[in-house]
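Start at 1 and go down the list; that is how both ligands and their atoms are numbered. Starting from 1, each residue takes its place in the sequence as its number.
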Amino acid sequence: MKFMLKVVAFMLLGTTLAFAKPTIYILATGGTIAGSGSGELSTAYTSGTVTVDKLIAAVPQINEIATIKGEQISQIGSQEMNNEVWLKLAKRVNELLTSGKADGVVITHGTDTMEETAYFLNLVVKSDKPIVMVGAMRNSGSLSADGPLNLFNAVNVAISKDSVNKGVMVVMNDEIHAAREVTKTNTTGVETFKSPNAGKIGTVFYGNVKFYMAPLRKHTASSEFDITKITELPRVDILYSHANDNADFANIAIKNGTKGIISAGMGNGNPFPTVLEALGEGVKKGVVVVRDSRVGSGETTLNGEVDDAKYGFLASDNLNAQKARVLLMLALTKTMDKAKIQELFLTH
Ligand code: ASP
C-alpha cells in the first residue's frame with residue numbers, strides 16, 4: 001500500500017513538473033511598442049506611455065505558455081537611452097537569470113537604439129538563458145499595430161529550449177536576429193531590422209520558433225566583461241565623416257576629455273585628411289581611436305588606405321559605429337592597452 005502511494009506521488013510530481021510553465025520576466029523600458037497617439041491613422045504619437053501591465057494584458061495568450069511577470073525599468077523613447085538605464089537593466093537581468101527567478105527575460109524597448117542595448121547586454125549579462133528584445137514600429141493605438149504579435153513571438157522565443165546560449169536576440173517582424181549583427185535599416189517600415197553581415201539567425205511565425213544559425217563571437221556567459229562593480233561608463237564619441245569635412249568636432253571632443261573616438265569614416269574607414277591628422281593628435285594625448293565606416297556593412301580593415309600603425313589607430317572589424325562605441329566603452333573599463341582592445345574587437 002505504502003509503495004503504491006509512493007508511485008502515485010511520484011507520478012503526480014512528474015506530471016506537475018512536466019506542465020510547470022517557465023517563468024518569463026517582461027522588463028519594459030518604453031518605446032513605440034508602449035507608445036500611443038491621437039488615432040489609428042495618426043502619424044504623431046508619444047513613446048513610452050503604456051505601462052508594462054497594459055502591454056501584457058494586450059496579449060493574454062502569453063499567460064497560457066509562461067508564468068509572466070512584468071517590471072517597469074524605464075518609460076522613455078529609446079532615443080533617450082543612457083548609461084544609467086543600461087546599467088540598471090543589465091544588473092536586473094543578471095540578477096533575475098542567475099538567481100533562478102526567471103527562465104528567460106523579454107525586454108520591451110524602442111527600436112531607435114535597440115541594437116545598442118542588445119549588444120551592451122550581450123556583452124555584460126552572465127547567463128546562457130534566453131534574453132529577447134522586442135519593440136514595434138507602429139504605436140499601440142495604430143491600425144495594424146505590430147507590438148502585440150511581436151511580444152507574443154518574443155515570449156515564444158524566450159521559452160524555447162533552442163534559444164539557450166544564443167546571446168541576446170532581437171525579435172521583430174517574425175525574425176530572430178543576434179545582438180552583435182542586428183541593425184535598424186528603415187525609419188518607418190516594420191521590416192526595419194536586418195543583419196547585413198550575417199543574416200538573421202532564425203524565424204518565429206505565430207510562436208513557431210526555428211533557428212538556422214548561431215552567433216560564434218563571445219557573448220553573455222563567455223564574454224570578458226563584467227559590470228557587477230561598475231557604476232559609470234567612460235565617454236566615447238562617434239564622428240561621422242563626409243566630403244569637405246573639417247576637424248572641429250574631433251578637436252572639441254578631444255578638448256572636452258573624451259576617452260575614445262569611433263571614426264565612422266568613408267568607405268573602408270577613411271576620414272577626411274584634416275580629421276585624420278586631428279585624430280592622430282588625439283591618440284598622442286591618450287584618446288583611443290577606432291576606425292569604423294559609415295557604409296553600414298563590411299569590415300573596416302587595419303592598415304588599408306590609412307596607416308594605422310603610424311597613427312596608433314585600431315579598427316572595428318565589422319561592427320557598425322554605434323556598436324563599436326558600446327564595445328570601446330566596455331573595453332576602456334578594463335584596459336588602456338591598445339593591443340588588448342584590438343583583440344576584444346576581434347573576439348566579441
Ligand atoms: N523613437 C522610438 C523609440 O526608439 C521609435 C520606436 O520605438 O520604434 O523609442
Under the side chain to side chain donor-acceptor pair (under 3.5 Å) test against S195, which residue among H177, E181, K200 passes?
H177
Atoms of ligand 1, numbered as shown, that sit under 4.0 Å from any heavy atom of G31:
7 (O), 9 (O)
Closest to atom 5 (C) of ligand 1 among protein heavy atoms sits T32 OG1, 3.1 Å
Within 4.0 Å of some non-hydrogen atom of A136, the atoms of ligand 1 are 6 (C), 7 (O), 8 (O)
Below 4.0 angstrom, N of the basic side chain to O of the carboxylate: do E95 and K126 qualify?
no
In this structure, atom 9 (O) of ligand 1 is nearest to the protein heavy atom S78 N, 2.7 Å
Should you measure from each heavy atom of G77, which atoms of ligand 1 turn up under 4.0 Å away?
9 (O)
Check: H109 N/O within less than 3.5 Å of ligand 1 N/O
no
Counting distance only, does the side-chain N/O of N197 pair as donor-acceptor with the main-chain N or O of N318 below 3.5 Å?
yes
contact_flag G48 ligand 1 heavy-atom lt 4.0 Å
no
Residue-ligand contact S47/ligand 1, heavy atom below 4.0 Å
yes
Quick test of your reading of the model: are E115 and K184 salt-bridged, counting only N-O distances below 4.0 Å?
no
Restricting to non-hydrogen atoms, name the atom on T113 and the atom on S78 that form the minimum distance, rounded to 0.1 Å.
OG1-O, 2.7 Å
Which of the numbered atoms in ligand 1 are under 4.0 angstrom from any heavy atom belonging to Q79?
1 (N), 2 (C), 3 (C), 4 (O), 9 (O)
Nearest neighbour in protein (non-hydrogen) for atom 8 (O) of ligand 1
T111 OG1, 2.5 Å
What I want to find out is whether D317 reaches R180 closely enough, with some N-O distance under 4.0 Å, to be called a salt bridge.
yes
Within 45° of the ring axis of F211 and under 6.0 Å from its six-membered ring centre, is that where the NZ or CZ of K166 lies?
yes
